[in-house]
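Sequence positions, counted from 1, serve as the residue numbers for this chain. Atoms considered below: every heavy atom in the structure, side chains included; atoms not considered: hydrogens, waters and symmetry mates.
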Amino acid sequence: MGKINLLDKNVAELIAAGEVIERPASIVKELLENSIDAGATAVTVEIRRGGVSYIRVTDNGSGIFPEDIPTAFLRHATSKIRLSDDLDSIATLGFRGEALASIAAVSRLELVSKTRESPLGARIRLEGGEPLSLEEAGCPDGTTIVVTDLFYNVPARLKFLRKDVSEGNTVASLVERLALSHPEVSVKFISDRKTRLHSPGDGELLSAVHAVFGADFASALLPVDYGCDGISVTGYTSRPEQSRSNRSMQHFFVNHRYIHSKVCLAALEEGYKNAIMVGKYPFCVLNISLPYHEVDVNVHPAKTEVRFQDDRSVYNTIYFAVKSALSRDDILKKAAQTKPPDTVPNLLSSFRNEEAAQTVLSVERSADSSDPKPVYVSPVPAPPLILNDGNAEYRSSNPVSSETSASPPEMPSRSALQNPSVSDYSDRGIVFVPETVEEPQPKKAGAPVQVAAPELPKEEPSFSVRVIGELFQTYLLFEGQDVFFLLDKHAAHERIVFEKLKVSVTTAERQLLLKPVVVQASAEEREALFENESLLAEMGFVFEDFGNHTLLIREVPLILAEYDAADMILDIARKLIENRRDISSNTFENLLHSIACRSAIKAHDPTSIEELTELLRQVYANDEIRHCPHGRPVVVAMTRSELERKFGRIQ
Ligand code: ADP
Ligand code: MG
């Protein structure tokens, strides 16, 4: 006798339901999405005992015609698509026609609904998917669904549910996401008879963010608004100094559908690279809008995963959107929009070089600072997105802090500080590298090009400050209009060297040492160095075995020509050993960080005011130099009113 049976309808239903309905939050998600698809402007979600015993969703949407009500509970019954072609352009949140069937299969359910057109509504009751009754009902326009006793007929599932509190929290975050992705809908959430959320539904994302996360969170956000290649990214992202210790607050929506996406995550964090402390993460609420046919939402029954037709464009657009938001918030850029400070007599000036103490820095910049919504002018293509087997795999850079300070190297010569430029650098282990984004064009060193505007840049804004002096031999103190700044000279210089190293790695500018340097190195150190010989040569270090436990260094990167080559190579060897010789892109960056840190001017190193002013000029000229390579800030600012508040001059 054969062993293969056809499953009966009930069992088949339960199996299918299991795919969509895992826990109370899955039900709330499906019901809320149905309400939004029905054009509701107000939705109330009420749960009791975390949703296990009771879930109610009431909306003021289109309602369902009485004759359609029983059909809505059949599997594959939907009003949202008809033909397979419709799958290519899904504009609704639902489309699979299985939510109501699945929910009904695993619970006791009651639905009351009325359309605007019909004088009367109808009520249906089901248990375990079987209709018990269908009758006329007087009710307001819209739909109410009450689900009780979830999984009463599937005890195995019941066992997998967590404590009520934790199921309730999952429902709460689900409702929050829906409120964020649809600011035009007023969402009310009641749990165990207490109102936990009530968003205004005024169409403003910031109002929704305010309602969901509170005022503190909302005030730490920067607006994002950027578009390229038919993709637009709008919303809010965090200021770099307001980061969090995990990724739980990174919210992405694609065409107003909440999604998980490694591509989006990677692009966001790449945008913050070297601007945020190690181990910290940005937070955001970003909506990515793109043509419906360019994204496949039919990847997973819960529809939280999507496939982009072109990962690279999405990645690039998010990256530039974030970069643009951060650069618009730049404190120095903002200061440049104000007029030069009055030339107040400087009490210290008689002790100083008059010219340096009263400096008006005039630095060439793109003229977008007066534009409230400047298009980001990128000096570099977006960094690579690393993909594995067709899946985007995110690798965070997480640079390891490397505060190795041996004998303080000298401040590099003026020439070494001049003409800062930024460029991309070759990365290790890249499988897929996005092409240069068309819109932003490369800029020449020190002379940014305004790409977005077809006309020539208007008058270049100059950055006018009065350099006051050096504080604690560590910070350069300078004054703008109603604001003063402290620049950390080590952090600034470190970042400048780091940016230059990146350039020197791409251009492989090397300096042949007139006198090759002999270094004593342990067997382990030599082994680590020789295993990575070609990579190090790419960075500009050329060396050979010199016998007797020694190496001979013949060439070093041009920019580092004046530093101690032996120290640098041993430092690199140590880094390679620490990283178990795995020369990933992170290790590669770590090496650059480490070299930059080692060769940068240190706090307490004597520095002339001219050198400090030159440092400041370079920092101003290059937006990248706002944080050291480990994410610590390079410049901090305090406004006159903040200071006056401290002195009690104003409230
Ligand atoms: P889908 O959302 O994938 O179409 P569902 O099983 O969730 O499938 O719903 C089936 C149908 O029932 C929907 O296509 C819609 O026509 C109708 N429906 C469900 N919920 C509502 C609601 N809250 N308001 C109006 N119509 C609804
Ligand atoms: Mg649905």
Report the C-alpha separation of Ser166 and Arg162 in whole Å, then their side-chain angles, then the decisive distance to 0.1 Å, and conclude whether the side chain to side chain donor-acceptor pair (under 3.5 Å) test is met.
CA-CA 6 Å; Ser166 119; Arg162 294 165 305 191; 3.3 Å; yes
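- By the 6.0 Å and 45° rule, Arg108 stacks over the aromatic ring of Tyr152.
- Asn246 CG: more than 12 foreign heavy atoms inside a 6.0 Å radius.
- The pair Arg48-Glu46 counts as a salt bridge, with a side-chain nitrogen and a carboxylate oxygen less than 4.0 angstrom apart.
- Taking the six-membered ring for Trp and thresholds of 30 and 60 degrees, Phe320 and Tyr226 have ring planes inclined between 30 and 60 degrees apart.
- The side-chain contact (heavy atoms from CB on, under 4.5 Å) test with Leu31 singles out one residue from Thr144, Val57, Val43, and that residue is Val57.
- Using modelled atom types, one finds a donor on one side chain and an acceptor on the other under 3.5 Å when comparing Thr115 with Ser118.
- For Phe283 and Phe217, the gap between ring centers is short of 6.0 Å.
- Taking every heavy atom of both residues into account, Tyr281 and Ile276 meet most closely at C-CD1, 3.9 Å.
- Ion pairing between a basic and an acidic side chain is recognised when a charged N comes within 4.0 Å of a carboxylate O; Glu642 and Arg645 show no such pairing.
- Checking Asp59, Thr44, Thr41 one by one against Ser35, the side-chain hydrogen bond (donor to acceptor under 3.5 Å, both in side chains) holds for a single residue, Asp59.
- Among all heavy-atom pairs drawn from Tyr236 and Pro223, the shortest one is CD2-CA, 3.7 Å.
- There is a side-chain donor-acceptor pair under 3.5 Å between Asn287 and Ser289.
- Within a 6.0 Å radius of CZ in Arg307, other residues, nucleotides and ligands contribute 12 heavy atoms or fewer.
- Checked against the 6.0 Å centroid threshold, His627 and Tyr272 do not count as a close aromatic pair.
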Could you walk me through whether Tyr258 and Leu174 satisfy the side chain to side chain contact (heavy atoms under 4.5 Å, CB included) test, starting with their C-alpha distance in whole Å, then the side-chain angles of each, then the deciding distance to 0.1 Å, before giving a yes or no?
CA-CA 9 Å; Tyr258 178 82; Leu174 188 277; over 6 Å; no
